Amino acid sequence: MRSETITKTQKTKLMRKFFIGAMMLLSTTGALAWQGEVTIETPNTQLLLTAWEGGDLRQSFYGEKSATLQQLRDAGDDLSFEALPAFGSVGANHVPALQVQHMDGDQNLEMQVTDYQKLDGGRAVTHIFTMQDKVMPVTVKLFYKAYKNVDIIETWTEISHQEKKAITLKRYDSGHLVVRQGDVWITHLHGTWAAESEITQEPLTAGMKTIRNSDGIHNSQLDAPEMMLSLDGKPQELAGRTIGLALCWSGNYELRVNTMSHREHHVYAGIDPTAAHYVLDPKQTFETPHLAMAYSNEGMSGVSRIFHRWARTEGMLHRGMQTGDILLNSWEGIYLDITEEKIINMMDDIAALGGELFVMDDGWFGDKYPRKVDNSSLGDWVVDKQKLPNGIKALTDAAKQRKLKFGIWIEPEMTNTVSELYEQHPDWVLQRPGRDLRKGRGGTQVVLDMTNPKVQDFAFSVLDNLMTEYPEIAYIKWDANASIENYGSNYLPLAKQSNIYVDYYRGLLSVLQRIRAKYPDLVIQDCASGGGRANYGLLPYYDEFWVSDNTDALQRVYMQYGTSLFFPANAMACHINHVPYWNTGKRIIPVKFRCDVAMSGRLGIELQPKDMSDEERQQCTTCFADYKQLRNTVQTGDLYRLISPYDDKGIASILYANEQKSQAVLFVYKIRNFYDMLIPRVRLAGLDADKTYTLTERNVRIGEKPCALDGKQFTGRFLMDVGLEVPLWEDYASRVFELKTK
């Protein structure tokens with residue numbers, strides 16, 4: 001054994017000597033001759049970098065186009081740090097963004113720049129820095145993609161190697177950003193099931209601030225993979241230098257802010273390495289998730305508008321500027337108690353209200369194990385003929401007769417242990433060999449192993465078979481109600497079990513890419529126990545996401561406000577619910593308020609229409625008709641958050657304005673009610689100061705006349721400088737105004 005060990009060591013030393021010699025030869029022949037300063041630019045922002053031959057890549061500034069490196073140096077404010085600090089090349093007190101374990105156990109990396117490329121891709125310019133370890137044949141490419149039409153820079157890495165055996169990626173962050181220390185505050189989202197996207201704001205203090213998720217499936221239900229940094233003290237909506245960061249990934253992640261001195265904050269974002277040390281074979285390339293960065297001097301709303309514009313023009317493919325149909329989803333109306341008669345009756349009701357789409361939710365499938373409760377049948381995607389004797393074709397025909405589109409619910413990534421699929425393929429689920437199978441919802445739900453190509457084919461076939469047999473289907477609700485509770489794969493070899501969390505999502509993305517290649521125009525909703533997958537990792541493959549399983553209008557004011565920090569209105573499914581609601585006791589919220597809250601996103605309805613009162617029916621009919629006049633501006637306009645529900649002022653207000661500033665929609669909600677309560681004046685934003693706007697109250701409460709502001713005219717300057725006294729007298733009062741120029 002000893003002589004064999006010596007032989008391996010000698011081989012490793014020889015390999016290192018050979019690699020060093022090759023690097024020296026490249027240097028003398030001029031292949032490493034590139035050096036200098038690089039400015040990465042968007043329309044209004046810049047990232048300044050430097051790289052020198054034989055040295056590392058360094059980052060100095062991110063912000064407005066108002067500084068050069070020389071000016072920063074002259075001002076004594078040149079914070080120059082490694083762009084991608086690696087373990088073994090930074091000081092012991094610095095946190096690495098990259099750490100690998102070589103085949104011989106060495107964990108050091110000493111990266112030096114060997115090449116730089118600048119590629120103009122039309123809509124964006126991509127800068128590529130190639131770095132090599134000084135000793136081992138490990139290559140890291142660091143990418144920065146700067147968009148020409150929006151102030152977003154994406155960054156990510158590609159890691160590869162030529163070692164004889166696999167290396168292990170122990171940390172592999174997507175990006176690292178240095179921010180000058182000062183009165184810097186962090187804004188991030190936290191929550192739980194049915195209470196997603198609650199805003200937390202706090203100053204950055206000494207030490208490490210970590211935001212992470214290890215659910216495996218629902219990566220935005222507890223903490224979310226986005227955050228904002230306000231550089232001028234307590235966050236403001238409409239003013240102040242602000243940076244926004246969003247990790248474009250739907251698996252486990254970790255965001256870290258390390259405040260380690262009196263000069264700077266180090267910000268890191270990437271896949272959470274816990275139980276995810278990635279085993280990378282020779283000649284393979286590992287690409288990290290993209291990290292999207294935005295900077296604005298117009299506060300948090302400024303950053304939001306940048307992300308919304310990027311989502312619509314880049315992050316949601318060609319569907320980003322499309323608006324969603326008004327729909328009725330069957331879930332909260334009949335749950336699993338689906339019958340053909342009930343479904344068709346619900347279609348009659350939504351058509352009468354002016355809706356455009358009906359979606360049949362869970363409960364339509366199962367043969368040997370009919371889906372009567374939520375503990376069976378997932379994976380058996382055949383029609384339950386007892387519930388639907390004439391099949392889905394009868395329903396698509398009925399929808400067409402009523403001039404409605406038809407949609408359907410599926411959950412392709414999961415199965416129940418009580419199912420024909422599990423009986424036939426028990427090895428297809430993630431499981432821990434030799435250990436009891438942990439089960440989720442209904443005591444039987446488990447997660448299919450998406451690392452397995454056969455399982456990927458199956459997941460694709462679930463949707464493909466439906467669309468092939470029923471091409472009239474216009475909408476798919478894709479759900480995912482389980483977490484990864486069983487850490488083990490029958491497909492991956494034992495040496496690569498730690499690849500599960502990453503390869504699961506690589507498998508899912510492969511499925512979604514196949515689906516979008518074949519069905520580019522199919523509308524698909526991303527649902528995961530509510531808002532568990534609201535992230536930019538999956539948004540390019542979906543048209544909208546379900547914000548939360550909680551549709552209580554008062555709580556939705558808070559959740560939708562938080563979600564809007566990073567996601568546009570046409571991606572946020574917002575539905576009108578029934579009252580009293582299942583999770584808020586005996587609270588009765590007027591239908592007018594419920595409609596107004598849902599109108600601020602992608603409008604739908606989530607109840608049993610036959611149980612609606614006459615007032616609810618009339619109000620929803622008015623709501624739907626008015627929304628059709630407003631939805632283009634609401635769903636694709638620029639968002640200005642005016643008054644936060646978190647500011648404890650008793651009201652909340654937001655405004656959407658179209659690009660031409662010729663139409664705007666103002667929403668005002670009263671979320672607290674006291675006698676003699678002070679209602680703050682609502683100062684608007686995003687208008688043209690020199691134009692005159694006419695106010696029209698929309699979705700007026702049934703039985704009432706429009707308020708005194710209806711029909712009045714004001715200049716944009718007055719509305720933004722002085723504002724409106726919005727009449728909000730009653731409990732749960734709300735107003736929606738359309739503003740149009742002459």
Side-chain angles (χ1 to χ4, degrees), residues 189 191 196-197 199 220 224 301 304-305 307-309 311-312 316 319-329 332 355-357 359 475 477 523-527 530-531 533-535 539 542-577 589 591-607 620 623-624 626-642 644-645 652-658 664-669 671 698-699 734 736 738:
L189 300 174
E196 293 90 340
S197 299
I199 294 176
S220 58
S301 285
S304 297
R305 288 190 293 276
F307 269 98
H308 297 175
R309 194 172 302 118
R312 294 181 181 121
M316 297 171 68
R319 303 178 304 280
M321 293 302 291
Q322 293 183 3
T323 57
D325 295 317
I326 300 171
L327 66 86
L328 168 63
N329 185 278
E332 289 190 11
E356 300 158 317
L357 167 67
V359 180
Y475 181 104
K477 180 177 180 179
V523 177
I524 309 178
Q525 184 191 81
D526 169 16
C527 182
R533 279 182 169 173
N535 60 66
L539 191 58
Y542 293 88
D543 299 87
E544 65 176 35
F545 57 82
W546 187 222
V547 175
S548 176
D549 280 344
N550 184 351
T551 54
D552 173 79
L554 178 59
Q555 196 153 359
R556 273 296 186 111
V557 170
Y558 292 83
M559 289 191 288
Q560 291 171 198
Y561 195 95
T563 304
S564 76
L565 261 60
F566 286 90
F567 299 100
N570 65 336
M572 296 165 51
C574 306
H575 292 185
I576 302 164
N577 72 326
I589 296 179
V591 63
K592 155 73 170 163
F593 188 94
R594 287 179 271 150
C595 288
D596 288 352
V597 172
M599 286 176 73
S600 67
R602 199 167 171 123
L603 177 64
I605 189 167
E606 194 89 14
L607 47 73
C620 285
C623 168
F624 289 2
D626 281 355
Y627 185 75
K628 291 174 184 177
Q629 303 301 312
L630 306 175
R631 75 173 146 199
N632 191 65
T633 293
V634 169
Q635 292 193 28
T636 67
D638 289 329
L639 170 65
Y640 295 83
R641 289 185 296 270
L642 307 176
S644 170
S653 181
I654 60 175
L655 177 143
Y656 294 98
N658 66 7
V665 184
L666 173 67
F667 296 90
V668 187
Y669 310 113
I671 56 178
R698 293 289 194 172
N699 195 37
S734 59
V736 178
E738 179 185 16

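Predicted model, so just to flag it, every value in this text is computed and none were measured. The chain is numbered in sequence order, starting from 1.
- Side-chain contact between Trp546 and His575: present, with at least one pair of heavy atoms (C-beta onward) separated by less than 4.5 Å.
- Checked for salt-bridge contact, Arg631 and Glu356 meet the test: a charged N lies under 4.0 Å from a carboxylate O.
- A donor-acceptor pair under 3.5 Å is formed between the side chain of Arg312 and the backbone N or O of Gly637.
- You'll find the side chain of Val665 reaches within 4.5 Å of the side chain of Val736, heavy atoms only.
- Within the 3.5 Å criterion, the main-chain N or O of Gln635 finds no donor-acceptor partner in the side chain of Thr323.
- Proximity of Leu554 to Val597: side-chain heavy atoms (C-beta onward) are nowhere separated by under 4.5 Å.
- Gln525 pairs by the side-chain hydrogen bond (donor to acceptor under 3.5 Å, both in side chains) definition with Tyr475, Glu544, not counting sequence neighbours.
- For Ser564 against Ser304, the heavy-atom pair with the smallest separation is O-OG, 3.6 Å.
- Not one N or O on the side chain of Arg309 forms a donor-acceptor pair closer than 3.5 Å with the backbone of Asp638.
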*Would you check, one step at a time, whether the test side chain to side chain contact (heavy atoms under 4.5 Å, CB included) holds for Ile326 with Ile605?*
CA-CA 8 Å; Ile326 300 171; Ile605 189 167; 5.9 Å; no
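- Between atom CG of residue Leu655 and atom OG of residue Ser600 there is a gap of 12.0 Å, rounded to the nearest 0.5 Å.
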_Phe667 vs Met599, side chain to side chain contact (heavy atoms under 4.5 Å, CB included): CA-CA, chis, key distance, verdict_ = CA-CA 9 Å; Phe667 296 90; Met599 286 176 73; 3.8 Å; yes
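- Side chain of Asp325 to main chain of Leu327: no donor-acceptor pair is present (N/O by atom type, distance under 3.5 Å, no hydrogens or angles).
- With sequence neighbours left out, Ser644 forms a side-chain contact (heavy atoms from CB on, under 4.5 Å) with Tyr561, Tyr646, Asp647.
- Arg556 places no side-chain N or O within 3.5 Å of a backbone atom of Ala598 that could act as its donor or acceptor partner.
- A donor-acceptor contact closer than 3.5 angstrom links the side chains of Asn699 and Asp596.
- Side-chain contact between Asp543 and Arg602 is present, with heavy atoms from C-beta onward closer than 4.5 Å.
- Side-chain atoms of Arg305 and Tyr640, non-hydrogen and from C-beta on, do get closer than 4.5 Å to each other.
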_What verdict does the side chain to side chain contact (heavy atoms under 4.5 Å, CB included) test give for Ile199 and Leu189, after you've listed the backbone C-alpha separation in whole Å, the side-chain angles of each residue and the deciding distance to 0.1 Å?_
CA-CA 5 Å; Ile199 294 176; Leu189 300 174; 3.7 Å; yes
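- Contact detail for Phe624 and Gly355: the closest heavy-atom pair is CD2-N, 3.9 Å.
- Considering all non-hydrogen atoms of both residues, Leu539 and Ala571 come closest at CD1-CB, 4.2 Å.
- Note: Lys477 NZ to Asn329 CG = 4.5 Å, rounded to the nearest 0.5 Å.
- Rounding to the nearest 0.5 angstrom, the gap separating the NE2 atom in His308 from the OG atom in Ser301 is 8.5 Å.
- Taking CG of Asp552 as the start and CD1 of Ile589 as the end, the distance is 4.0 Å to the nearest 0.5 Å.
- With Ser734 contributing its side chain and Val668 its backbone, the two residues share no donor-acceptor pair below 3.5 Å.
- Every ring pair (Phe, Tyr, Trp, His ring centres under 6.0 Å) that Tyr669 has, sequence neighbours left out, goes to Phe593.
- Counting heavy atoms from C-beta outward, Leu642 and Leu666 have side chains that approach closer than 4.5 Å.
- A side-chain donor-acceptor contact under 3.5 Å links Glu196 and Ser548.
- Once rounded to the nearest 0.5 Å, the distance linking OG of Ser197 with CE of Met559 reads 8.0 Å.
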*asked:* Run Asn570 and Gln322 through side chain to side chain contact (heavy atoms under 4.5 Å, CB included) and show every step you take.
replied: CA-CA 8 Å; Asn570 65 336; Gln322 293 183 3; 5.8 Å; no
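- Of all heavy-atom pairs spanning Asn577 and Ala553, the tightest one is OD1-N, 4.4 Å.
- Side-chain contact check for Ile576 versus Cys620: some heavy-atom pair is nearer than 4.5 Å.
- The side-chain heavy atoms of Glu738 and Thr633, taken from C-beta on, include no pair separated by under 4.5 Å.
- At distances below 3.5 Å, not a single donor-acceptor pair connects side-chain atoms of Asn535 with backbone N or O atoms of Ala224.
- The backbone N or O of Met321 lies less than 3.5 Å from no partner atom in the side chain of Thr636, so there is not a single donor-acceptor pair.
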